[in-house]
Amino acid sequence: MEELLRAKLPAPASLADAVEEWLIEDQTSDPAELERRERDLAALKEGLNAAHSSDRKLFP
């Protein structure tokens with residue numbers, strides 16, 4: 001399976017290049033999408049803080 005994927009997908013020059021491509025692909029100015037992303041980030045931070053073993057918040 002891995003060989004098939006490697007044959008079909010072009011390899012990025014570096015991990016930084018791949019991340020840059022993803023950031024460009026995900027850019028948006030849609031207010032509804034930006035609000036959804038903010039809610040998702042807040043929920044992620046809340047979940048990570050709740051699962052942390054100390055009382056100190058990792059993501060205030």
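Quick note: residue numbers are just sequence positions, from 1.
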Value for CD (Glu38) from CD (Glu33), rounded to nearest 0.5 Å, stands at 11.0 Å
So CH2 of Trp22 and CG of Asp17: to nearest 0.5 Å the spacing works out to 11.0 Å
Sequence neighbours excluded, the answer for side chain to side chain contact (heavy atoms under 4.5 Å, CB included) partners of Leu34 is Thr28
side-chain hydrogen bond (donor to acceptor under 3.5 Å, both in side chains) filter on Asp40, not counting sequence neighbours, yields Arg36
By side-chain hydrogen bond (donor to acceptor under 3.5 Å, both in side chains), Ser54 pairs with (sequence neighbours left out) His52
Those residues at least two apart in sequence (or on a different chain) that pass side-chain hydrogen bond (donor to acceptor under 3.5 Å, both in side chains) with Glu2 are Arg6
| Leu44 reachable from Leu58 in the ILVMFWY side-chain graph, under 4.5 Å edges | yes
Contacts of Arg39 meeting side-chain hydrogen bond (donor to acceptor under 3.5 Å, both in side chains) (sequence neighbours excluded), chain-then-number -> Glu35
Sorted by chain and residue number, the side chain to side chain contact (heavy atoms under 4.5 Å, CB included) partners of Lys57 (sequence neighbours excluded) come out as Asn49
| task | Would you mind reporting whether Asp26 and Glu21 have side-chain heavy atoms less than 4.5 Å apart? | result | no
